[in-house]
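The structure appears below as structure tokens.
Please read these numbers as outputs of a predicted model, since none were measured by experiment. So that the names make sense, note that chain A is the first sequence line, chain B the second, and so on, each numbered from 1.
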Amino acid sequence: MRWSNLFIPTLRDAPADAEAASHALLVKGGFIRQLHSGHYSLLPLGWRVHQKVENIVREEMDNIGGQEFLLPTMHPAGVWKRSGRWETMGEIMFRLTDRRHNELALGITHEEIFATVAAELSSYKELPQLWYQIQTKFRDEARPKSGLLRVREFAMKDSYSFDIDWDGLDKQFETHRVAYTRIFERLGLPAFPVEASSGAMGGKDSVEFMVPCPAGEDDVIICPNCDYAANVEKATARLESVDDGPPADTPERFPTPGIRTIAALEEAGAPAASQIKTMVMVADGRITLALVRGDHQLNTQKFIDATGTIELRPATPEETQTHLGALPGSLGAVGVIDLPVIADEALRGRTNMTTGANEDDWHYRGVDIGRDIAVGQWADLREVSAGEACINCGAALDTVRCVEAGHIFKLGSGYAETFGVTVSDADGVQRPVVMGSYGIGIGRNMATVAETHHDEKGLCWPVSVAPYEAVITVLKLDEATMSAAEELYDGLRAGGVDVLLDDRDARAGVKFADAELIGIPYRLTVGPKGLADGEIELTVRANGGNKRLSLESAVETVADAIAAERRG
RNA sequence: CGGGAUGUGGCGCAGUUUGGCUAGCGCACCUGCUUUGGGAGCAGGGGGUCGGGAGUUCAAAUCUCCCCAUCCCGACCA
């Protein structure tokens with residue numbers, strides 16, 4: 001393409017409200033424009049990158065036997081009501097009504113829809129199947145942010161596997177893990193797999209692919225010594241046992257005027273590790289007490305996973321007062337029998353604990369959690385933090401901020417049962433199929449590549465996803481220079497290179513700066529000075545290296561270099 | 001949903017405190033001349049419902065009220 005005919009609206013300054021590097025650079029470089037919060041137009045440059053990312057994903061899915069579909073993105077409510085997610089998806093799902101007053105939804109994912117199609121499967125002989133699509137998803141995010149990293153409308157590759165048994169699912173899951181690893185390699189993303197929460201719909205193994213990046217939204221706990229890595233929503237760590245000393249015979253109520261915090265109570269003589277922190281949560285409308293050690297923090301996703309809660313929020317002070325008779329700071333679960341109590345495993349077996357007495361300015365000490373508190377459920381609720389000991393090897397854990405670039409998990413047979421996806425097995429018995437679900441956000445990956453491939457001059461796309469692989473920068477539009485440039489242009493195009501010819505009537509500095517901003521991997525500078533020696537100049541965006549090439553050898557040299565990098 | 005901030009031409013901003021002439025600056029854009037290997041110079045020019053609505057006033061970008069939009073932080077830390 002000739003730059004003079006292209007719409008590449010680069011900006012001298014990035015919009016002031018673009019904070020994430022990818023956001024600022026994609027707007028500044030003329031790749032995207034915002035329509036409104038969470039919805040972006042992809043301009044020609046952006047669309048080319050998007051399509052390249054998409055094609056890499058498509059190739060790798062086809063490689064493992066995936067069959068591409070395209071399912072509707074507008075769905076009747078009934079399908080979602082059938083799976084129960086009409087309710088459980090809550091406000092994240094866009095809903096609308098048609099002229100006949102039918103309820104509809106815009107797809108946030110497509111388990112239900114693929115399951116309705118899969119209902120036609122009838123024999124184990126048809127299995128396994130691997131189906132996927134690259135389709136727009138809609139999610140009414142509470143807070144869209146950071147350009148393409150978190151949006152309300154985005155393309156996602158979602159695939160679903162159908163097997164006769166868990167062994168088959170395990171194989172497809174493993175196949176996906178390998179395919180995803182390939183995809184991220186080709187995108188140039190330093191993604192690594194971590195254990196993750198699979199969310200409310202259950203499922204067994206859940207693996208997220210994470211890319212370290214400050215603009216991300218997930219905290220990942222990683223071990224620098226072994227291969228342990230987990231989302232903080234799932235991570236566990238070794239815990240040293242605490243010596244509680246001889247247990248007290250009975251809890252003792254004692255006055256604690258003005259004491260409202262763990263720290264204040266610690267100053268009054270109760271170590272935080274010997275306190276029980278009582279959090280009043282409202283889980284699907286039900287007041288529930290969540291107990292963790294005084295120096296620990298509750299992870300709400302763990303609470304949700306442990307209890308199957310759909311909607312969780314902390315109780316208001318008023319609710320707390322009503323149900324427990326005291327305000328935060330003096331709360332406890334001793335003697336509470338009318339509310340569900342869920343306690344963190346770190347509290348199991350502990351004695352001589354201190355906790356609130358449900359009367360302002362009073363606490364209990366000498367509490368034996370097994371004896372004095374009616375714990376209805378024990379679960380891993382606490383959030384692991386950096387410095388704790390790895391569950392596997394004991395090394396000090398690190399925490400890393402990451403972008404979730406992909407997610408694979410084992411669904412099991414839940415949807416198959418609901419939607420009647422059953423097949424006859426070898427014995428003629430009807431069995432629900434076993435499903436897996438696998439997702440990669442296209443736009444998010446594009447943004448993540450931008451996050452990890454840029455410098456002070458702009459973007460530095462890997463060849464695999466660059467909007468153009470090479471740009472010919474023509475420094476003077478006279479006939480001699482142009483004809484040399486055209487010759488290169490034709491040669492590179494004939495050699496299968498995505499090449500951009502910068503034939504704009506602009507100053508050299510502008511052309512160099514724009515080429516660097518939009519991140520074209522290879523720049524061929526054609527100007528009278530070089531041509532006098534029969535040479536052009538090749539500049540590599542990623543490292544700034546440059547060398548002169550003879551006009552004759554340039555096409556081959558550049559085409560070969562690009563071909564070598566194209567597969568990522 | 002809670003908190004904070006911001007809305008003035010395509011982008012970046014000033015002007016708002018203390019109401020007052022025709023709403024300004026830089027970049028970008030158009031025309032001409034000069035220039036031309038790292039974001040040119042000079043001259044001329046075009047483009048604005050000052051987020052929207054209502055109000056106060058002789059007079060509103062500026063004051064009051066309501067609404068909207070966008071960005072950032074938070075939405076367990078008892």
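Residue-level contact check: A:Lys511 touches neither bases nor backbone, having no heavy atom under 4.0 Å from any strand. A:Gly530 comes within 4.0 angstrom of a base, heavy atoms only. A:Ala290 comes within 4.0 angstrom of no nucleic acid atom, judged by non-hydrogen atoms across all strands. Using a 4.0 Å heavy-atom criterion, one finds that A:Gly527 contacts the bases of the nucleic acid, with or without backbone contacts as well. Among the protein residues, A:Arg523 comes within range of the nucleic acid bases, having at least one heavy atom under 4.0 Å from a base atom. Within 4.0 Å (heavy atoms only), A:Glu537 reaches at least one base atom of the nucleic acid. Heavy atoms of A:Ser146 sit under 4.0 angstrom from primed sugar atoms or phosphate atoms, though from no base atom. Within the 4.0 angstrom heavy-atom criterion, only backbone atoms of the sugar-phosphate kind lie near A:Ala16; the bases stay farther away. Nucleic acid contact class of A:Arg507 (heavy atoms, under 4.0 Å, all strands): base. Among the atoms of the strands shown, base atoms are found under 4.0 Å from some heavy atom of A:Glu383. Counting non-hydrogen atoms under 4.0 angstrom, A:Val280 reaches a base of the nucleic acid. Base engagement by A:Glu516 is indicated by at least one non-hydrogen atom pair under 4.0 Å involving a base atom. As judged by a 4.0 angstrom heavy-atom cut-off over every strand, A:Asn299 is placed among residues making no nucleic acid contact. Using a 4.0 Å heavy-atom distance criterion, A:His296 is classed as making no nucleic acid contact.
Going from the P atom of B:U17 to that of B:A61 covers 12 Å, rounded to whole Å. For B:C29 and B:G24, the P atoms lie 22 Å apart once the distance is rounded to whole Å. Comparing the P positions of B:U64 and B:U57 gives an interatomic distance of 16 Å, to the nearest angstrom. Using atom C1' as the reference point in both B:C68 and B:A54, the two lie 14 Å apart (nearest Å). The C1' atoms of B:C73 and B:G26 are separated by 32 Å, rounded to the nearest whole Å. Taking the C1' atom of each, B:C25 and B:A69 are spaced 26 Å apart, rounded to whole Å. Rounded to whole Å, the separation between the C1' atoms of B:C50 and B:U6 comes to 14 Å. Going from the P atom of B:A5 to that of B:G48 covers 32 Å, rounded to whole Å.
Place A:Arg12 and A:Ile262 on RNA chain B by their nearest nucleotides, and A:Arg12 ends up nearer the 5' end. Where A:Thr278 and A:Pro15 meet RNA chain B, the nucleotide closest to each residue was compared, and A:Pro15 sits on the side nearer the 5' end.
Once you apply a 4.0 Å limit to the heavy atoms of chain A, the touched nucleotides of RNA chain B run 5' to 3' over B:C11 to B:A78.
Heavy atoms from other residues, nucleotides or ligands lying under 6.0 Å from CD of A:Gln377 number more than 12. The number of heavy atoms from other shown groups lying within 6.0 Å of CZ (A:Arg238) is above 12. Within 6.0 Å of the CD atom in A:Glu266, the count of heavy atoms belonging to other residues, nucleotides or ligands exceeds 12.
Look at A:Glu319 and A:Arg313 and you find a salt bridge, because one of the NZ, NE, NH1 or NH2 atoms lies within 4.0 Å of a carboxylate O, short of that distance.
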Bracket string, RNA chain B, 5' to 3' - pairs by Watson-Crick or G-U geometry under 3.5 Å, | interstrand
((((((((.[[[[.)....(...]]]].((((((.....)))))).....[[[[[..)....]]]]])))))))....
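In this structure, A:Arg548 CZ and A:Leu538 CG are separated by 12.5 Å, a value rounded to the nearest 0.5 Å. Here the CE atom belonging to A:Met281 is positioned 9.0 Å from the OG1 atom belonging to A:Thr309, to the nearest 0.5 angstrom.
Remark: the backbone N or O of A:Val449 is paired with a side-chain donor or acceptor of A:His453 at under 3.5 angstrom.
If you run side chain to side chain donor-acceptor pair (under 3.5 Å) between A:His363 and each of A:Thr256, A:Asn358, A:Thr355, only A:Thr256 comes through.
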Working note: A:Arg350 + A:Ile276, criterion side-chain contact (heavy atoms from CB on, under 4.5 Å); need CA distance, chi angles, decisive distance, verdict.
CA-CA 10 Å; A:Arg350 296 291 305 280; A:Ile276 302 171; over 6 Å; no
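Figure legend: cation-pi geometry between A:Arg444 and A:Phe154 absent, as NZ or CZ is not positioned both under 6.0 Å from the six-membered ring centre and within 45° of its axis.
Screening residues 15-38 of chain A for ring-ring contact (aromatic ring centres under 6.0 Å, His included), with sequence neighbours left out, gives A:His23-A:Tyr40, A:Phe31-A:Trp461, A:His36-A:His39.
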